[in-house]
Asker: 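Below you will find the structure I want to go over with you.
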2 protein chains.
Amino acid sequence: MEKYLAVLKEYHFKITPRRKAVLELFLRQKRYLGPYEIKQMLGKASLEVGLPSIYRILEELEGAGILIKIEHSSRRLYYSLCRKPHIDHHHFVCSKCNRVEEVEFCNFSEISSFIEEKLNAKVQHHSLRIEGLCSQCRRKKSL
Amino acid sequence: MEKYLAVLKEYHFKITPRRKAVLELFLRQKRYLGPYEIKQMLGKASLEVGLPSIYRILEELEGAGILIKIEHSSRRLYYSLCRKPHIDHHHFVCSKCNRVEEVEFCNFSEISSFIEEKLNAKVQHHSLRIEGLCSQCRRKKSL
DNA sequence: CTATAAATAGAAATCATTTCTATTTACATT
DNA sequence: AATGTAAATAGAAATGATTTCTATTTATAG
Ligand SMILES: [Mn+2]
Ligand SMILES: [Mn+2]
Ligand SMILES: [Zn+2]
Ligand SMILES: [Zn+2]
């Protein structure tokens, strides 16, 4: 937690109860959370936070490299703690239960240089999304 | 065109003026089009088509493998003709002008088996999005 | 030609996200 | 500790892409 508050200070963000509460939530729940879900969880802990504030805080934390965002195929936004900054964050999404897992492995350099040559473009970022059945759903399916 | 109408028949879709008009549009414009843009272009050609119809037709054509969809980071949907069915359709999106180009090259098998082992999951699909500057925007930037 | 299921238009609803503005708060500075 | 100020926030309202609903029209099989 202290580590993250320090990052916030670096970025000249004030340390507010809402920002701390959102951070704590992500530290406790080690998974992807959506804005409304976050509002509800904070509400249960008796901290009412407006949705616009939540959206803003999530964006700020993402900008500071604390959270990573995933645009789910349901077209909703989800965020989770960024365990390792400065590495690629790719995702495996279960097509059955929507669970999201991070994928670190990625051999991208070959594709990247292929594209720069073929399209004469400058590659900046890339993101890989893998869809399939997570271990749980895979098991259920075969029952 | 005949080729695509045959596919529609295969899928038991009726050949209607709207569906033909949408297909013709994609055959003429060799690029990604959004639903509203499509409505406007058809309107100029004096064929009024409701947006719900356009959304439905696009989904149907995608289901039949005629169109491919991209969920743009603007969170809007775009479609373009699928030149080669049964191959991966990955995308390069210009972060400046939003131009979309298809990327066929993809060495995915290594990542796929890594994930299946590591997560004990079953991989079904994958999509790769590369962002950067297209050749035109790259040139402008250096001017 | 007719019957019928599919396709369509248009209005309305949905709903995640964003914008706006008045009020409150963190915290740097006295 | 008190104060001033920019930043943060709530809440209401707007936005806007997409979807739903339903009455009407149409493609096409027989
Ligand atoms: Mn990567
Ligand atoms: Mn691929
Ligand atoms: Zn699952
Ligand atoms: Zn460009």
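Predicted, not measured: the structure shown is a model, and the values here were computed from it. Chain letters run A, B, ... following the sequence lines, proteins first, then strands; residues in each count from 1.
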Asker: Where does the angle between the aromatic ring planes of His91(A) and Tyr32(A) fall among parallel (under 30°), tilted (30 to 60°) and perpendicular (over 60°)?
Answerer: perpendicular
Asker: From the 5' end of DNA chain C to its 3' end, which nucleotides mark the outer limits of contact with chain B, defined by a 4.0 Å heavy-atom distance cut-off (strictly under)?
Answerer: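 Counting from the 5' end, contacts occupy dA5(C) to dT17(C).
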Asker: I need the Leu119(A) CG to Lys122(A) NZ distance, nearest 0.5 Å.
Answerer: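 The CG atom of Leu119(A) sits 13.5 Å away from the NZ atom of Lys122(A).
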Asker: Atom CZ of Arg75(A) to atom C1' of dT19(D): distance rounded to whole Å?
Answerer: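 Taking atom C1' of dT19(D) as the reference, CZ of Arg75(A) is at 12 Å.
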Asker: Regarding Gln124(B) and Ser95(A), is there a side-chain donor-to-acceptor distance under 3.5 Å anywhere?
Answerer: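 The criterion, which ignores hydrogens and geometry beyond distance, is satisfied for Ser95(A) and Gln124(B).
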Asker: Can you tell me how far CG of Leu58(B) sits from CG of Leu67(B), rounded to the nearest 0.5 angstrom?
Answerer: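 Between atom CG of Leu67(B) and atom CG of Leu58(B) there are 6.5 Å.
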Asker: How far does OH of Tyr4(A) sit from CG of Leu23(A), to the nearest 0.5 angstrom?
Answerer: 8.0 Å
Asker: Let me check the geometry of the helix from dC1(C)-dG30(D) to dT30(C)-dA1(D). What is the bend angle between the axes at its two ends, five pairs each, to 10°?
Answerer: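 End-to-end axis angle: 30°.
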Asker: Counting only side-chain N and O atoms of Tyr55(B), is one of them less than 4.0 Å from OP1 or OP2 of dT18(D)?
Answerer: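 The answer is yes; a side-chain N or O of Tyr55(B) sits under 4.0 Å from OP1 or OP2.
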Asker: Heavy atoms, side chains only, cut-off 4.5 Å: are Val93(B) and Ile70(B) in contact?
Answerer: yes
Asker: Do the non-hydrogen side-chain atoms of Glu59(A) and Leu77(A) ever get within less than 4.5 Å of each other?
Answerer: no
Asker: Counting C-beta onward and ignoring hydrogens, is there a side-chain heavy-atom pair between Asp88(B) and Phe105(B) closer than 4.5 Å?
Answerer: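 No. Closest side-chain heavy atoms not under 4.5 Å.
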Asker: Heavy-atom contacts under 4.0 Å between residues 24-37 of chain A and DNA chain C, which residues?
Answerer: Pro35(A)
Asker: Other than Leu133(A), what residues sit in its cluster of Ile, Leu, Val, Met, Phe, Trp and Tyr side chains whose heavy atoms are under 4.5 Å apart, directly or through others?
Answerer: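 Listed partners: none, Leu133(A) stands alone.
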Asker: Less than 4.5 Å apart, any side-chain heavy atom of Cys82(B) and any of His89(B)?
Answerer: yes
Asker: Assigning hydrophobic clusters by single linkage (Ile, Leu, Val, Met, Phe, Trp, Tyr; side-chain heavy-atom cutoff under 4.5 Å), is Ile130(A) placed with Ile111(A)?
Answerer: yes
Asker: Need to verify one output field. Residue with the more 5' nearest nucleotide on DNA chain C, Leu51(B) or Leu51(A)?
Answerer: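 So the residue in question is Leu51(B).
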Asker: Under 4.0 Å, heavy atom to any atom of DNA chain C: which of residues 10-20 of chain B qualify?
Answerer: Phe13(B), Lys14(B), Thr16(B), Arg18(B), Arg19(B)
Asker: State, with a plain yes or no, whether a side-chain heavy atom of Lys20(A) is found less than 4.5 Å away from one of Leu5(A).
Answerer: yes
Asker: Is the shortest heavy-atom distance from the side chain of Tyr79(B) to the side chain of Ile38(B) under 4.5 Å?
Answerer: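 The answer is no; the side chains never approach within 4.5 Å.
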Asker: Is Glu37(A) salt-bridged to Arg31(A), going by a charged N under 4.0 Å from an acidic O?
Answerer: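 Looking at Arg31(A) together with Glu37(A), the answer is yes, because their closest N to O distance falls below 4.0 Å.
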Asker: Going by heavy atoms closer than 4.0 Å, what residues in residues 56-74 of chain A are next to DNA chain C?
Answerer: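 Here the set is empty: none.
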Asker: With rounding to the nearest 0.5 Å, note down the distance linking CZ in Phe13(B) to CD in Glu60(B).
Answerer: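 The CD atom of Glu60(B) is 4.5 Å from CZ of Phe13(B), to the nearest 0.5 Å.
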